[in-house]
Every structure is written in C-alpha cells, then in structure tokens.
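Reminder, nothing fancy here: chain letters follow the sequence lines and each chain counts from 1.
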Amino acid sequence: MIALVDCNSFFCSCERVFQPKLLKKPVIVLSNNDGCVVARTDEAKALGIKMGVPYFQIKDFCQKNSVFVYSSNFALYGDMSRRVMRILSELAPEIEIYSIDEAFISLDGFSPKQISEHIHRIKETVEQETGIPVSIGVGSTKVLAKLANYRAKKNKLQTKGIVNLIELSESALDLILKEVSVGDIWGIGRKSAEKLQRLQVHTAYDLKLYDDKVIQKTLSITGRYIQEELRGNPCLDLETIPTPKKQIISSRSFGRGLFKLEDLKEAVANHVTTAAEKLRHQNSIAHSILVYIRTSPFKKGPQYYNSITMSLHSGSSVTNKLIKLAFAGLEKIYREGFEYKKAGIILMDIDDKAHTQLSFFNTHDSDKENLLMETLDSINHTEGESTLKFAACGTNQFWRMLSQMKSPQYSTRWSDLLQVNSSPE
DNA sequence: ATGCTCCTGCGAA
DNA sequence: CTAACGTTCGCAGGAGCAT
C-alpha cells in the first residue's frame with residue numbers, strides 16, 4: 001500500500017504561512033524571471049488563471065481582480081519543503097521524496113483500518129506543524145495513489161483532502177477509473193493521450209482493459225507499466241534512497257538581452273559555479289560539459305542557438321577548471337550581433353569520485369585543488385552562498401533575472417525572509 | 001546479426 | 001521606465017556507427 005502526499009498550491013501556501021492576509025485570497029507565484037504562472041490558489045484558479053500562462057499576458061487582469069502576485073522565492077519553498085518531508089519521515093517507515101512538494105510513503109505493515117487512521121494523523125500533523133495544507137491519496141500502486149490524490153485535490157470539499165482506494169471493491173474502483181480521462185493519469189502526457197484517443201481509449205478504465213501488446217507498441221514499456229499499475233500490479237518501486245544525478249544542469253534567462261561575449265562569459269561562469277557545487281555535494285566528477293546560448297524564440301529578429309560539448313580526459317569537480325573549459329566552448333559558439341536571452345551549461349558523464357579510473361595523462365584534480373574546493377564550499381556554507389567566488393563570475397551581474405514584483409507588499413517582506421531562518425519550532 | 005553511443009521525444013514538478 | 005514566455009531531471013527507443 002502506498003500513499004501520495006501532495007502539498008496544495010505549494011508555493012502559494014508557503015507565502016500564506018508568513019502572510020495570513022493572503023488566506024482566502026487569489027494568489028499566484030511566478031517562475032524565474034517573472035515569466036510564467038507556476039502556482040495558483042483555488043481562488044486564483046476560480047478566476048480562470050491557467051497554469052503556465054506568461055505573466056505579461058494577464059498582468060492587467062491580475063491588477064483589476066486584486067490578485068496577489070509573487071516572484072518565486074526558492075529559499076523559502078526549499079525550507080518549508082524540508083520541514084514537511086521531515087515530518088513525513090518521522091510518521092512513515094519508508095518515504096520517497098518525489099518533488100519539492102510531493103512524497104510517496106509506504107504503508108506496509110498497517111491494516112486497512114490503521115491506514116485510514118494513520119493518514120488522517122499525517123495530514124493533521126503536517127498542517128499543524130508547518131501551516132501547509134496537503135492532500136493524500138492511497139492505493140495499491142504508485143499510479144493508483146497518484147490517481148487517488150488527484151481526486152482528493154479536485155474535490156477538496158467532499159473528500160476533505162483524502163481519498164483512499166484500498167477499501168474499495170474492484171467494481172467500485174472501476175467506477176472511479178471510468179471517470180478519469182487518460183490524459184489525467186500520471187505518466188500520460190499530451191502526446192500519449194492523443195495516441196490513446198486514436199485507439200478509442202478515453203478513460204483510465206479503458207486503458208486498464210485494453211490489449212497489452214497494443215499498449216506496449218504505442219506507448220512503449222513505460223505505458224505498459226502504467227496499465228499494469230492501474231490493474232493493481234506494482235511495477236514502479238519506491239525509490240527511498242536518492243540516486244546521484246547523471247547530469248547537472250544550470251541555465252537561466254537573462255533579465256535583459258545580452259550582446260557581448262564578456263557578459264555571456266559571466267553568466268556561464270555563474271552557471272558552472274552552481275553546477276560544480278552540486279557535483280561536489282554528491283561526491284562526483286564530470287567528464288564533459290555542454291555549453292549553450294540562445295536568442296529569444298518569442299522575440300522577432302535574427303535567431304541563433306548553438307551548443308558545444310567539451311570533454312576532460314579525466315573528470316573534474318574543480319570549479320575553475322570547469323569554467324576555463326566552458327569558456328573555450330563558449331568562444332567557439334559565440335557569434336556577434338545577436339541578442340542573447342539565455343545561457344546554460346550541463347555537466348555530463350558524471351562518475352563517482354571514489355572509483356575514478358586512473359588515466360595515462362596526469363590531469364586529475366590534485367589534492368591541492370580538492371582542498372581549495374573543500375575550503376571554498378565550507379566558507380560559503382557557513383558564511384552564506386557566494387561569499388567567496390571566482391572573479392570570472394563578475395560583481396555587477398546586471399543581466400541577472402528579474403524578480404522584483406514592485407508591489408508595496410513585496411518591499412515589506414524582508415522581515416518575512418528573516419522569520420524563515422529562525423525556525424519557529 | 002549484434003552491440004555501442006548519441007540524440008530526440010516525452011513526461012514530470 | 002523599458003519590454004516582457006521557466007528550470008531541471010530521467011528514461012525509452014530509434015538512428016547511426018562499429019564490429
């Protein structure tokens with residue numbers, strides 16, 4: 001038995017915890033660079049604000065309807081997420097942290113009666129100790145738990161935020177599956193939903209009963225797993241230990257268009273810095289780095305996109321070495337005269353630092369370099385991020401993303417940020 | 001015929 | 001005030017190449 005715990009309108013709920021005046025009000029949170037809507041409260045949904053809409057398209061609408069708009073504040077959301085996950089870890093034997101606002105938990109060892117009781121306790125505890133409302137779905141597989149959660153969120157009033165499918169008979173469960181359209185199943189996106197429509201497969205129930213071979217052929221093995229999980233046969237394991245990343249990406253749109261190579265270099269140096277920090281954090285080294293730059297596909301004018309992959313003979317996790325390599329790549333793909341809107345890097349071919357193979361060339365990270373990185377990381381950890389950084393990262397950084405909602409509310413939020421650090425527990 | 005790497009498509013939050 | 005559309009990850013399978 002598996003439960004999926006999902007925080008309601010997570011980013012908005014985080015803002016509400018520190019600003020009770022937002023309760024019962026329409027609130028939205030924007031993506032990086034104040035680009036698109038990524039979180040909405042029920043009140044905002046009721047106004048018809050869609051997920052993923054570019055903010056500039058609805059800015060006037062929000063003003064007219066007194067919608068509270070926030071730039072994303074990931075330091076806050078990350079902190080709230082850790083609190084929620086810690087409580088879940090204490091109340092469940094096994095947990096898979098699936099995303100910033102979601103976790104699967106195993107309910108093995110509980111009787112059906114106990115499960116229902118326990119789920120209610122989990123919900124109450126999280127809400128009481130963090131102020132974040134959650135919805136919980138329970139099923140015999142991950143896909144069914146997801147589906148249950150989806151219904152819990154959709155009908156919060158009737159369900160009180162909890163849907164438990166395991167007490168249901170097969171036929172009662174099928175009645176529910178008939179109400180779920182295939183596109184709403186976890187793992188079935190837009191393209192797969194279209195393919196299924198063509199097969200006259202419209203609901204979760206249709207998919208559950210459809211011919212195995214045909215599903216395998218049209219949706220590949222992943223589609224088959226989903227089908228099997230709908231039937232109650234687990235195919236997807238609970239991944240309780242986080243596996244190290246196979247690639248680490250850092251990319252961002254700029255606050256304004258950039259033309260000059262030196263500005264792009266600064267941005268790239270910053271990307272390498274954050275990615276390399278993550279790399280060292282999981283005790284890995286990378287053997288190649290991909291650099292890319294691009295113009296805005298949404299703005300008319302000459303378009304340019306290019307990327308290049310640079311390799312190291314033996315891997316590295318030393319920031320300055322990686323920056324140097326990234327610069328060499330950037331200089332190869334840079335073309336003058338374009339208005340660049342985004343740059344990014346990907347660390348690839350990642351291996352565990354310990355079992356790194358000796359190479360013929362003596363290009364490994366030296367003890368000295370490793371010690372330098374350790375020291376740098378430890379200083380930034382205790383003194384705050386980017387206390388110490390490479391000059392290549394620049395000091396001005398005028399190209400940084402926009403995240404200044406100029407509303408009066410926003411300018412008064414320094415105290416809120418301070419509250420986050422001194423946890424009220 | 002088989003095995004490898006690279007790239008693309010898709011889905012998730 | 002301007003101009004104005006996000007980021008990060010994994011997996012499957014086909015393409016292309018080598019053996």
With sequence neighbours excluded, tell me which residues meet side-chain hydrogen bond (donor to acceptor under 3.5 Å, both in side chains) with A:K341. none
Between C:dG6 atom C1' and A:H271 atom NE2, what is the distance in whole Å? 12 Å
Any sub-3.5 Å donor-acceptor pair from A:D101's side-chain atoms to A:S81's backbone N or O? no
Per atom distances to the A:S251 side chain, the nearest of C:dT8, B:dA13, C:dG6 is C:dT8
Are any protein N/O atoms closer than 3.5 Å to N/O atoms in nucleotides 3-7 of chain B? If there are, list each pair with its distance.
none

Please list residues of residues 188-218 of chain A whose heavy atoms come under 4.0 Å from any atom in DNA chain B, ordered by number; otherwise none. A:I188, A:G189, A:R190, A:K191, A:S192
Grab the CZ-P distance between A:R294 and C:dG6 for me, whole Å please. 11 Å
May I ask you to decide whether A:R121 forms a salt bridge with A:E124, counting only side-chain N to carboxylate O separations under 4.0 Å? no
Can you find a heavy atom in the side chain of A:E102 that is under 4.5 Å from one in the side chain of A:K146? yes
Students often get this wrong, so: under 4.0 angstrom with heavy atoms, is A:F10 touching a base, only sugar-phosphate, or nothing? nothing
A:N8 vs A:D42 side-chain heavy atoms within contact, under 4.5 Å: no
Is there a donor-acceptor pair closer than 3.5 Å between any side-chain N or O of A:S31 and the backbone N or O of A:V38? no
No-H, no-angle donor-acceptor pair, A:R256 side chain to C:dT2 base, under 3.5 Å: yes
Taking atom C1' of B:dA13 as reference, at what distance in whole Å does atom CZ of A:F11 sit? 8 Å
If only side-chain N and O atoms of A:K342 are considered, is one of them under 4.0 Å from the OP1 or OP2 phosphate oxygen of C:dT7? yes
Count the heavy atoms belonging to other residues, nucleotides or ligands that lie under 6.0 Å from CZ of A:R256, then report whether that count exceeds 12. no
A:L347 CG - C:dT8 P separation (whole Å): 12 Å
Can you check whether A:L144 reaches A:I166 side chain to side chain, under 4.5 Å on heavy atoms? no
If only atom types and distance count, is the side chain of A:H364 paired as donor or acceptor with the main-chain N or O of A:S314 below 3.5 Å? no
Would you please name every residue forming a side-chain hydrogen bond (donor to acceptor under 3.5 Å, both in side chains) with A:R40, sequence neighbours left out? none
A:D184 CG to B:dG11 P, straight-line distance once rounded to whole Å: 13 Å
Salt bridge A:E331-A:K265, side-chain N to carboxylate O under 4.0 Å: yes
Below 3.5 Å is the cut-off: list the nitrogen or oxygen pairs between protein and nucleotides 3-5 of chain C, distance only.
residue : atom : partner : partner atom : Å
C:dA4   : OP1  : A:K299  : NZ           : 2.9

Measure the distance from CZ on A:R40 to C1' on C:dG6 and round it to the nearest whole Å. 15 Å
So with a 6.0 Å cut-off around OH of A:Y225, is the heavy-atom count from everything else above 12? no
Using whole Å, report how far OH of A:Y77 lies from P of C:dT8. 16 Å
Using 0.5 Å steps for rounding, measure from the CD atom of A:E228 to the OG1 atom of A:T141. 10.0 Å
Separation of B:dG11 atom P from A:L236 atom CG, nearest Å, is 16 Å
May I ask you to say what A:I185 touches in the nucleic acid, namely base, sugar-phosphate or nothing, with a heavy-atom cut-off under 4.0 Å? sugar-phosphate
Heavy-atom distance under 4.5 Å between the side chains of A:I105 and A:I122, does that happen here? yes
Write out a two-atom table: protein N or O, nucleotide N or O from nucleotides 9-12 of chain C, distance below 3.5 Å.
residue : atom : partner : partner atom : Å
C:dC9   : OP2  : A:I249  : N            : 2.4
C:dC9   : OP2  : A:I249  : O            : 3.2
C:dG10  : OP1  : A:K246  : N            : 3.3
C:dC11  : OP2  : A:K246  : NZ           : 2.8

Distance test, side-chain N/O of A:K146 to OP1/OP2 of B:dG11, below 4.0 Å: no
